[in-house]
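Small disclaimer: the values here were computed from a predicted structure and weren't measured. In listed order, ligands and their atoms are each counted from 1.
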Amino acid sequence: MSFPNHRPRRLRTTPAMRRLTAENRLAPADLILPAFIREGLTEPSPISSMPGVVQHTTESLKRAAAEAVELGVGGIMLFGVPAVRDAQGTASLDPDGVLNKAIRDVKAEVGDDLVIMGDVCLDEFTDHGHCGVLDSQGYVDNDATLEIYGRMAVAQADAGAHVLGPSGMMDGQIAVIRQALEESGHKNTAVLAYAAKYASAFYGPFREAVDSQLKGDRRTYQMDAANRREAILEVELDLEEGADMVMVKPAMSYLDILADVAAMSPVPVSAYQISGEYAMIEAAAANGWIDRRGAITESVLGIKRAGADTVLTYWASELAGWLKES
Ligand code: PBG
C-alpha cells in the first residue's frame with residue numbers, strides 16, 4: 001500500500017462514530033452500590049477517607065436505595081456497623097441487629113426493584129475485627145466460623161436479601177451457606193462469592209467506614225497479591241460449592257486476575273472497586289490533578305473491559321446518573 005493506512009483513526013473521527021464502534025459500554029444495571037449503615041446514628045456520618053460516602057441512618061439508607069432504583073442501578077450491597085461488638089460477633093445473628101434490620105428496611109422500601117445484597121462476614125461484628133472467630137492461639141478458626149456464617153446467611157435471607165455476599169475467605173463458606181439456605185427453605189436466595197479476594201492495603205478507608213477494630217492483618221485467610229494461578233483454584237472451589245456469581249477483589253490492581261476469571265467462569269463475574277481505589281481518585285481530583293468524572297468513568301470502564309459483568313463501586317449512583325444523561 002502506498003498510502004498510509006488510516007483505518008484505525010477513521011473510526012474515531014466523530015463522537016457518534018466512536019459511540020457506534022465502542023467494544024464495551026457501561027450501563028447503570030451493571031453497577032452495585034456498596035452502602036454502610038451504623039446503628040444508633042441520628043444523622044448520616046461522613047467517612048473522612050472516602051469523601052462523599054457516609055455511614056447511613058435508616059432513613060438516609062432508604063433514600064439512597066430509592067435513588068439507586070430511580071437511576072437504574074443494578075444492586076446494593078449492605079454493610080452494618082453495630083453499636084456493640086463481642087468476640088463471637090453475636091450481633092450478626094440478631095434478627096433485629098443493624099444489618100438484618102437494614103436489609104428488611106431496604107426491602108420494604110424498594111421491594112424487588114433493586115437486587116438487595118448482604119455482607120456475610122464477621123469483621124464488622126467482632127471486637128477483634130477479624131472475619132471469623134479465634135481459637136485459643138488467636139488464629140482464625142475456619143470451621144467454627146463457618147457454623148456462624150451459615151446462621152448469618154439464614155438471618156439475612158429471612159430479612160429479605162436476594163443475594164448473600166460472603167466476604168470472609170473461609171474455606172468451604174459457600175457450601176455451608178448454600179446448605180443452610182436450602183435447609184431453611186431459601187432455595188432462591190443467591191450467593192455472590194467473594195472468590196478471589198486479596199489481602200490489600202487498598203482496604204484502608206473501609207476500616208474507617210466500619211469502625212474496624214482490627215489490629216494486624218488478614219493474610220492467613222485472604223489471598224497473597226503475588227498469586228495469579230491460585231485465583232482459579234479459589235473460583236473453581238466456589239463454583240463446585242454452588243456459587244451463583246463470583247467476584248474478584250480489589251479491582252484495579254487485579255485486572256489480570258479478573259481477565260483470567262472472566263475467561264473461565266460459567267457464571268457472572270463481579271469486580272469490587274474498593275475503598276482505597278475510590279479514595280485515590282477522589283484525593284487526586286480534589287487536588288485538581290486529574291479530571292474527576294473522566295477518571296471515574298475510565299476506571300470503571302477498564303474494569304468492565306477486563307471482564308467484569310458487574311462492578312461494585314461507591315460511585316454507582318453518581319455514575320448511573322451520568323450514563324442516563326449521556
Ligand atoms: C470484609 C470486607 C472488607 C471489604 C469488603 N468486605 C474489608 C476487608 O476485607 O478488610 C472492603 C471493601 C472496601 O475496601 O471497599 N467484610
Side-chain angles (χ1 to χ4, degrees), residues 31-38 47-56 75-82 85 89 91-92 97-99 102 117-133 140 145 148-149 152-153 156 161 163-170 173 177 191-225 234 246-254 270-283 296 299-300 303 308 310-316:
L31 306 175
I32 299 166
L33 176 69
F36 305 103
I37 173 153
R38 179 161 152 204
I47 300 162
S48 63
S49 53
M50 300 178 74
V53 179
V54 299
Q55 294 177 325
H56 282 290
I76 190 166
M77 175 68 83
L78 300 174
F79 296 91
V81 185
R85 297 177 154 110
S92 66
V98 61
L99 179 54
M117 309 185 177
D119 183 52
V120 180
C121 191
L122 282 177
D123 67 315
E124 294 96 353
F125 295 96
T126 52
D127 57 10
H128 46 71
H130 274 294
C131 294
V133 293
V140 174
T145 301
I148 303 175
Y149 283 0
M152 262 186 102
Q156 293 187 14
V163 174
L164 304 181
S167 64
M169 289 298 280
M170 295 300 122
Q173 62 185 11
I177 287 170
V191 179
L192 165 54
Y194 284 62
K197 177 172 175 182
Y198 286 83
S200 173
F202 295 101
Y203 298 142
F206 180 92
R207 306 274 160 91
E208 182 195 345
V210 299
D211 300 332
S212 173
Q213 305 300 306
L214 185 70
K215 305 204 173 48
D217 59 53
R218 306 196 195 286
R219 292 179 188 278
T220 73
Y221 42 104
Q222 297 181 345
M223 290 179 65
D224 187 323
E234 286 282 6
V246 292
M247 189 199 296
V248 173
K249 180 184 177 189
M252 290 163 70
S253 299
Y254 297 85
S270 289
Y272 197 144
Q273 185 179 46
I274 61 164
S275 57
E277 304 179 52
Y278 177 91
M280 282 194 294
I281 291 177
E282 289 290 348
I296 292 169
S299 68
V300 180
I303 294 166
T310 56
V311 183
L312 291 99
T313 174
Y314 298 97
W315 291 300

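- In terms of protein heavy atoms, atom 8 (C) of ligand 1 is closest to Arg218 NE, 3.4 Å.
- The part of Phe79 lying near ligand 1 is the side chain, judged by heavy-atom distances below 4.0 Å.
- Atoms of ligand 1 found under 4.0 Å from any heavy atom of Tyr314 (numbered from 1 in listed order, with element): 12 (C), 13 (C), 15 (O).
- Using a 4.0 Å cut-off between heavy atoms, Asp123 contacts ligand 1 through its side chain alone, with no backbone atom that close.
- Remark: side-chain polar atoms of Glu277 are paired, donor with acceptor, to backbone N or O of Met252 under 3.5 angstrom.
- Short contacts between ligand 1 and Lys249, defined as distances under 4.0 Å to a heavy atom of the residue, involve ligand atoms 2 (C), 3 (C), 4 (C), 5 (C), 6 (N), 11 (C), 12 (C).
- Atom 1 (C) of ligand 1 has its nearest heavy-atom neighbour, among Met77, Lys197, Glu277, in Lys197.
- Inter-residue side-chain proximity for Leu122 and Val133 is flagged as met; some heavy-atom pair is nearer than 4.5 Å.
- Taking a 4.0 Å cut-off on heavy atoms, Tyr272 registers as neighbouring ligand 1.
- The residue among Arg207, His130, Gln222 with a heavy atom at the shortest distance from atom 10 (O) of ligand 1 is Arg207.
- Using a 4.5 Å heavy-atom cutoff, the side chains of Gln213 and Thr126 are not in contact.
- Using bins of under 30°, 30° to 60° and over 60° for the plane-to-plane angle, the ring pair Phe206/Phe79 lands in the perpendicular bin.
- By the criterion of a heavy-atom distance under 4.0 Å, the side chain of Asp119, and not its backbone, is placed next to ligand 1.
- Using a 4.5 Å heavy-atom threshold, the side chains of Phe202 and Met280 count as touching.
- For ligand 1, the atoms sitting less than 4.0 Å from at least one non-hydrogen atom of Ser167 are 1 (C), 2 (C), 6 (N), 16 (N), numbered in the order shown with element in parentheses.
- Atom 14 (O) of ligand 1 has its closest protein heavy atom at Ser275 OG, 2.7 Å.
- The aromatic rings of Tyr314 and Tyr278 lie perpendicular to each other, with more than 60° between the two planes, well past the 30° mark.
- Contact of the Met170 side chain with the Val140 side chain is registered, since non-hydrogen atoms from C-beta on lie closer than 4.5 Å.
- Of all the atoms in ligand 1, the ones that sit under 4.0 Å from a non-hydrogen atom of Cys121 are 1 (C), 16 (N).
- Taking atom 12 (C) of ligand 1 as the reference point, the nearest protein heavy-atom neighbour is Phe206 CD1, 3.3 Å.
- In summary, the side chains of Gln273 and Ser299 do present a donor paired with an acceptor at a separation below 3.5 Å, with no hydrogens or angles considered.
- Side chains of His130 and Tyr221 form a contact here, defined as non-hydrogen atoms less than 4.5 Å apart.
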